[in-house]
Amino acid sequence: MQSRRWFGGAGFSFADDPVTETLSQAIRGTGEELDREPDTGVLFGSLRGSVVGLRYYTGVVNKGEMVSLVRQPQNPYDRNAVMVANVYGSQVGHIKRELAVLLANIMDNNLARVEGVVPFGVTNQFTMSVVLSFWGREENRDAVVRQITSRSFKLQSGPTGTHTHMLTQLKNAFDNLFENLMEDKIGEREAVEAVCTPLLPHQKQALSWMCVSENNAALPHFWEVKGKLFYNTLTHSSVRERPQRVRGGILADDMGLGKTLTTIALILSNFHHGKPLCEPVISQSVSHTQTDKQTNGQSHTLTSDVKLNVYLYYGSERNRDTHFLSSQHMVLTTYNVLSADYSVSGGWVCGSASPLHTVSWLRVVLDEGHIIRNPNTQQSKAVLKLNTQRRWILTGTPIQNNLRDLWMLVAFLRLKPFDVREWWNRVIQRPVTQGDKTGLQNLQALVKCVTLRRTKTSRVCGRPLVSLPERSVRIEEVELTQKEREEYELAHTEGRTTISRYVAEGTVLRNYADVLAILVRLRQFCCHPGLLGKTTTHTGVVAVTPAELRERLIMKLRLVLGTGSDEECAVCLDSVRLPVITHCAHVYCRPCIAEVIRSEQEQARCPLCRGQIKASELVEFPLEEEEESNLLENWRSSSKVEALMSSLLRLRSEDDSIRSLVVSQFTRFLTILEIPLREEGFKFVRLDGTMSQKRRAQVIQEFQSDAPGSPLIMLLSLKAGGVGINLSAASRVFLMDPAWNPAAEDQCVDRCHRLGQKRDVVITKFIVKGSVEENMVKIQRQKQDLVEKAFGTKNPSERKTSRVDEIRALMEL
DNA sequence: ACCGCCATTGAGA
DNA sequence: GTTGATGGAGGAG
């Protein structure tokens with residue numbers, strides 16, 4: 001039995017030693033409180049104070065170093081005691097008594113956060129200076145200032161004014177946080193023979209980098225060796241013992257570059273002491289998502305001479321025996337299982353503790369790591385508590401939205417000392433959000449030292465990383481027939497009058513659902529009239545009976561998102577999940593709006609129109625699929641259907657080995673398309689969001705198979721499936737209707753334009769001439785320039801106003 | 001006698 | 001390279 005203890009001596013250990021735990025917990029605790037109170041703090045000012053009692057403690061601090069102030073209400077000598085600790089959590093001393101009275105008052109009443117910086121280097125073994133700065137909400141400023149001055153301390157006002165002019169510059173830099181990270185000369189490394197698939201050059205590089213990151217003892221470059229001490233240039237702190245290094249990092253290669261394969265190679269090639277993993281049985285773990293993932297035509301096969309124990313920790317019958325789990329080479333599980341186990345056991349309770357949290361792992365890999373980007377979720381908390389030597393995050397979509405998301409990565413990797421919120425907030429988060437350039441540079445340095453990211457277009461030594469076949473986009477304009485045009489124009493003018501009325505009244509936002517419904521209808525017209533379903537022509541909000549109101553709301557909800565279009569929730573600014581519609585006809589994620597209602601109680605108002613909302617009045621989307629049949633019975637074609645069919649027929653007559661993806665946002669449109677496809681004798685499969693994971697995997701496998709008689713066409717709903725589905729068998733993509741979000745289209749195309757693609761990829765976008773679709777394409781272009789992902793701080797109302805302009809452009813008003 | 005200046009000295013809560 | 005208390009030498013009134 002191997003030793004279970006990986007965390008050696010460093011002062012800031014999270015081992016189960018109760019003594020060290022207390023102090024780090026105290027500091028962590030304050031950090032988490034900060035988290036609850038978001039970055040609303042302004043600087044009230046600062047004052048000079050002194051730290052006393054240095055000689056009784058071991059913590060060292062340098063000139064410029066930040067220190068943490070922790071209240072000690074239980075101190076037997078003074079209930080106002082305020083302890084001073086350095087970045088590593090070692091106590092430095094106490095705040096001098098007279099000053100501590102003041103601080104205790106301010107801190108205990110939550111009037112301000114107090115932060116300390118040591119202005120001078122210290123030789124004195126008894127006392128030292130500390131500059132205390134006070135941060136808090138504007139409304140508390142007076143109280144704090146009064147407290148301070150009434151006790152005859154002098155508060156110096158801090159620098160005021162924010163540097164907004166720098167913000168755009170910073171924003172760009174933030175956008176590029178994950179770009180251009182790797183050009184450093186990293187070698188290549190062959191995988192051990194057990195990995196049958198030969199690695200591509202960039203994968204060998206990644207493997208080499210990962211091995212080095214795990215084995216090499218070198219510290220990140222923000223550590224400098226100064227004499228016998230280790231000096232952190234970001235926090236200006238130094239420690240005697242070599243700081244605990246990150247063993248692992250973030251592999252953030254673009255999707256399709258083979259992160260999973262590289263990681264498997266790593267697991268097999270770099271066991272203890274850089275030796276390959278062979279007979280000796282010690283545990284490893286890969287924490288994994290549920291998405292079935294096949295890889296790029298490179299299949300992960302292992303030669304049978306290696307006896308690899310892999311256990312799938314999943315299902316109610318899973319083996320929870322920790323000795324058994326420790327004996328596995330690899331344990332796979334999902335984030336859900338992990339967090340379920342963790343929350344049942346409460347995480348730290350002995351005895352019934354979560355098995356996965358009890359085992360000491362050699363390595364934990366978070367596949368699709370962006371899933372745990374929000375540190376407040378149970379899943380994330382469970383992941384943070386895993387006990388392991390080496391840590392990896394694999395993600396194809398590096399987090400760009402939010403500094404909080406980045407913190408999660410840093411915290412998981414235990415990138416000291418930033419895994420403690422206070423230091424992250426002080427060194428990175430606050431400086432960056434306040435527009436401090438060095439803050440951003442520090443952030444960049446931080447991310448850079450643990451991340452490898454290449455994109456499909458990255459080049460190494462002047463040569464492309466991977467040579468993917470060409471990809472070209474062509475737009476095929478579709479002319480409506482006379483009859484279709486008449487129908488379209490009728491709906492268009494009607495919609496236009498309605499919307500222009502809203503615009504004139506300035507009530508676009510209040511009637512947003514209506515507006516979207518009109519637009520969706522027009523877009524549906526462009527595809528096929530049958531998409532409209534049984535919608536009535538008018539959707540006024542005037543309702544007579546509650547049942548009637550409900551029926552109308554459901555209808556709107558269906559129009560807004562039941563068709564698969566991409567609407568975003570104004571609360572979380574993400575695509576809506578678990579959609580509900582309010583009585584004022586705005587659509588949100590249920591959890592988001594429920595939170596709003598919960599926190600505002602009776603005063604709860606709709607974030608979009610400020611209308612009153614109640615939890616009991618939220619209307620959900622009912623499940624019903626009856627209308628399908630009548631759609632199929634009286635079938636008629638449409639111009640767009642014809643355009644697609646003639647392309648497909650031509651393609652088949654030229655080369656019947658070429659496979660195609662036919663993509664639409666409207667799943668009903670896919671259903672419509674099935675009819676002519678059958679009629680022309682095409683063999684096809686269908687993949688949409690309603691299918692179970694298992695069924696999806698089946699369909700994908702069928703489509704990817706090159707067996708004779710396998711389908712030539714896949715009908716794909718735009719947003720179906722998680723990340724990482726591989727559809728490289730297809731080399732033609734037909735985008736049947738333009739999406740609001742061009743990124744969604746790109747992602748879709750990437751599913752076939754990826755490693756393993758042998759042919760050039762041709763993408764055809766069908767756009768109906770002289771219709772909303774044309775305008776949508778224009779807006780897509782504008783959108784790309786104006787990617788507002790940077791800080792994610794743009795508030796919903798701001799976003800929605802620009803949407804009003806979008807709508808006007810769409811309707812040519 | 002007074003005061004600003006300097007060196008000396010000691011130093012949790 | 002700090003800070004604060006203290007005390008003494010020394011200059012000005």
Side-chain angles (χ1 to χ4, degrees), chain A residues 11-12 18-31 33 45-134 144 147-159 224-240 422 426:
Chain A
F12 210 66
V19 181
T20 38
E21 189 74 10
T22 322
L23 185 53
S24 26
Q25 262 179 355
I27 292 169
R28 286 208 150 208
T30 62
E33 276 163 38
S46 52
L47 61 81
R48 184 81 147 264
S50 43
V51 184
V52 293
L54 301 190
R55 66 175 165 140
Y56 301 101
Y57 308 99
T58 52
V60 278
V61 272
N62 292 82
K63 180 177 159 74
E65 180 169 345
M66 304 189 304
V67 290
S68 168
L69 304 173
V70 184
R71 276 283 286 120
Q72 280 186 333
Q74 305 298 345
N75 190 304
Y77 303 96
D78 184 352
R79 61 188 176 80
N80 291 321
V82 177
M83 179 194 86
V84 179
N86 70 9
V87 174
Y88 296 92
S90 330
Q91 179 161 4
V92 175
H94 283 104
I95 292 292
K96 203 175 159 75
R97 207 177 189 123
E98 303 84 320
L99 184 55
V101 182
L102 169 68
L103 294 196
N105 208 317
I106 289 175
M107 291 167 90
D108 296 348
N109 292 316
N110 223 347
L111 294 174
R113 293 186 321 233
V114 189
E115 296 182 353
V117 173
V118 176
F120 311 101
V122 185
T123 46
N124 195 312
Q125 55 169 326
F126 303 102
T127 76
M128 68 179 180
S129 297
V130 61
V131 174
L132 302 171
S133 42
F134 296 81
V144 172
Q147 286 280 342
I148 294 174
T149 45
S150 73
R151 286 169 210 266
S152 64
F153 288 99
K154 292 192 291 261
L155 185 70
Q156 268 137 15
S157 56
E224 287 171 10
V225 182
K226 279 198 174 174
K228 294 216 161 189
L229 296 177
F230 297 90
Y231 178 72
N232 183 322
T233 54
L234 297 184
T235 56
H236 304 285
S237 65
S238 57
V239 274
R240 260 187 213 102
E422 174 170 3
R426 287 176 63 175

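First the proteins, then the strands, lettered A, B, ... as listed; each starts at 1. Note that these values count all heavy atoms, side chains included, but never hydrogens, waters or copies made by symmetry.
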> Measure the CG-OG distance between A/Leu155 and A/Ser46 for me, rounded to the nearest 0.5 Å.
6.5 Å

> Could you tell me the separation between the CD1 atom of A/Ile106 and the CZ atom of A/Phe134, rounded to the nearest 0.5 Å?
4.5 Å

> Got a donor-acceptor contact below 3.5 angstrom from the A/Asn80 side chain to the A/Ala100 backbone?
no

> With a non-hydrogen cut-off below 4.0 angstrom, is A/Ser50 in contact with a base, only sugar-phosphate, or nothing?
nothing

> Atom CD1 of A/Ile148 and atom CD of A/Gln156: how far apart are they, to the nearest 0.5 Å?
11.0 Å

> With a 3.5 Å distance limit and no angle check, can you tell me whether A/Gln72 reaches the backbone of A/Gln74 through a side-chain donor-acceptor pair?
no

> Look through every strand shown and name the nucleotide pairing with C/dG10 as Watson-Crick or G-U wobble, where both distances are under 3.5 Å.
B/dC3

> Donor-acceptor pair, distance only, cut-off 3.5 Å: does the side chain of A/Asn124 make one with the backbone of A/Met128?
no

> Can you tell me how far the OG atom of A/Ser68 sits from the CD atom of A/Gln91, to the nearest 0.5 Å?
10.5 Å

> Of all nucleotides in DNA chain B with an atom under 4.0 Å from a non-hydrogen atom of chain A, which is the first and which the last going 5' to 3'?
B/dA11 to B/dA13

> I'd like to know if the side chain of A/Arg71 and the backbone of A/Leu103 have a donor-acceptor N/O pair within less than 3.5 Å.
no

> Let me confirm one number: the CG-CG distance from A/Asn86 to A/Asn232, rounded to the nearest 0.5 Å.
11.0 Å

> How would you give the extent of chain A contacts on DNA chain C, as first and last nucleotide 5' to 3' within a 4.0 Å heavy-atom cut-off?
C/dG1 to C/dT3

> Please work out which residues in residues 53-61 of chain A have a non-hydrogen atom less than 4.0 Å from an atom of DNA chain B and list them by number.
A/Gly53, A/Arg55, A/Tyr56, A/Tyr57

> Quick one: does A/Asn105's side chain have a donor or acceptor within less than 3.5 Å of a partner on A/Val101's backbone?
no

